[in-house]
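One structure is given below, encoded as structure tokens.
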Amino acid sequence: MTNCEWREKIGLYVDGELEPREEQGIASHLQSCANCSAAVLEQQALKKAVRVAGKRFTAPPELYASVHRQMQPKKSTGLWLKASALAASAVLLAIVAFAWISRPSASNATVAQLIDQHVTMLASANPVDVVSSDKHTVKPWFQGKLPFTFNPPELAKDSPFTLIGGKLIYAQQAPGAELVYLVRQHKLSVFIFQARDVHGQVSGTNLAFTVNGWQQGGLRYYIVTDASREDADRLRELLQDANR
Amino acid sequence: MAATVVARGNVSGLENKDFEKLAIPLLDGLYNFARWLCGDPDEARDLVQETFLKSLKGFSSFREGTNFRAWMFRILRNTFLTSRTGLERRNTQQEDKEGFEESSVSQDSPEIALIRRANTELVQAAIAQLAPAFQEVILLADLEEMKYQEIAEALDIPIGTVMSRLARARKQVREHIVLTLGGRRTVGVK
């Protein structure tokens, strides 16, 4: 056994903890010292063995799900929820009254249905079924639930929009997706259906809600929100770009 | 993994979003570490959930420029140490000598071949027989590939203690393997 000056540094070398100058020094030394080379090889083999054996357990999917749930903002509870529930009830009442008074056309019936859906979402304690701000979590959730697919937009870091999640909905007896976004304190529902299933391409203002509808790639999209028309237009552009 | 600098927003929703992006990729590693610490799947699951809850609550006070991964592992370990299992294990924990003990590698080492021959179960048994203080340091160094400084932050111990524990942990793992596969050959004698 030799007593090299580098002997004590072998662990640090294998762990990449040496300064570059020292690292170069020991690397040169290893060219000529068989003992230290063997020691390095052994440390590396041991490190690798521990790495492989140490990765023994994988987090179960239900842990991911419950952690996701934990991380959802709690601001929808408490006073805000009560206030929004009251407001939503008032709006729902207005919608019911509106439905009684007027006999809607097919387009208006679709819009009224989607506004209902949006208001129900606003008032719900569980507004979405898949809760995530990650589009790569939300989009796959719809796999097997819908006979079509779509691309939620990739939101830039400084984007005013935040994805809250999504849920499966039905309108005119057809399945569709509802994606929920947040812009400042306003929620936006994006409804997506197969174009052949749902009729009525309406944009404008209905019961003070902004409704922005369009058709693209065989799908029909509607944005329903109490946010400004400009916000709805901006989100529409993002969706259109993502689905080109 | 490099230290992650977190920009803090004013809106709580954005903070949660930042937290989610940073924390979710760590979940698997945290769970694996928790399983090693607890030895029980249900307890490990509870420990990880509590870790996420605590770290989410404390995220607003998270100091920018701090290593996020080390911070999360530190919360998990502190939470574990205050749990029943953690207290029990802490009371039976072996004392370790401070100071950096030279890695005890036999120079003319056919042990390399033995280590390479060791199957996963044997190495897992070798890790499992380590005292908790050694187990956590070798897992963070070799599995999570943390730098010594990160480990020191995660475990709240001086960097010299990290090096000392790591050297001793490796020595014990190596001895376990060599003694199991190689019979009576003397190991780690300097």
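To find a chain, count down the sequence lines: A is the first, B the second, and so on, and within it residues start at 1. Keep in mind that the numbers below use all heavy atoms, side chains included, and drop hydrogens, waters and symmetry copies.
No more than 12 heavy atoms of other residues, nucleotides or ligands lie within 6.0 Å of NZ in K48(A), so this atom counts as exposed by the packing criterion. Atom CD of E19(A) is surrounded by 12 or fewer heavy atoms from other residues, nucleotides or ligands within 6.0 Å. R21(A) CZ: 12 or fewer foreign heavy atoms inside a 6.0 Å radius.
Between T58(A) and Y31(B), the closest heavy-atom pair is O-CE2, 3.4 Å. Nearest heavy atoms, S132(A) versus E20(B): OG-OE2, 3.7 Å. Nearest heavy-atom pair across R56(A) and N32(B) is N-OD1, 3.1 Å. In terms of heavy atoms, L46(A) sits closest to R170(B) at CD2-O, 3.4 Å. Taking each heavy atom of V123(B) and A49(A) in turn, the nearest pair found is CG1-O, 3.6 Å. I127(B) and A53(A) make their closest contact through CD1-CB, 4.3 Å (heavy atoms, listed as atom of the first residue, atom of the second, distance).
Within the 4.5 angstrom heavy-atom criterion, only side-chain atoms of I177(B), from C-beta onward, approach chain A. Residue Q44(A) does not touch chain B at all, counting heavy-atom pairs closer than 4.5 Å. If you measure heavy-atom distances from I138(B) to chain A, the contacts under 4.5 Å come from both the backbone and the side chain. Neither the backbone nor the side chain of L122(B) comes within less than 4.5 Å of any heavy atom of chain A.
With rounding to the nearest 0.5 angstrom, the CD atom of Q43(A) is 8.0 Å from the CZ atom of R174(B). Annotation: the span from F52(B) atom CZ to H68(A) atom NE2 amounts to 9.0 Å, rounded to 0.5 Å. With values rounded to the nearest 0.5 angstrom, E144(B) atom CD is found 7.5 Å from K55(A) atom NZ.
Here D15(A) is the residue among L41(A), I164(A), V52(A), D15(A) with the most heavy-atom pairs under 4.5 Å with chain B. Counting heavy-atom pairs under 4.5 Å between each of I24(B), L139(B), L30(B), N119(B) and chain A puts I24(B) at the top. Annotation: maximal heavy-atom pairing with chain B below 4.5 Å, among S133(A), S37(A), G16(A), occurs at S133(A).
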Would you mind writing out the side-chain donor-acceptor pairs for residues 24-31 of chain A within the sub-3.5 Å range, not counting sequence neighbours?
unit_1	atom_1	unit_2	atom_2	d
S28(A)	OG	Q24(A)	O	2.9

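Within the 3.5 Å criterion, the main-chain N or O of Y148(B) finds a donor-acceptor partner in the side chain of E17(A).
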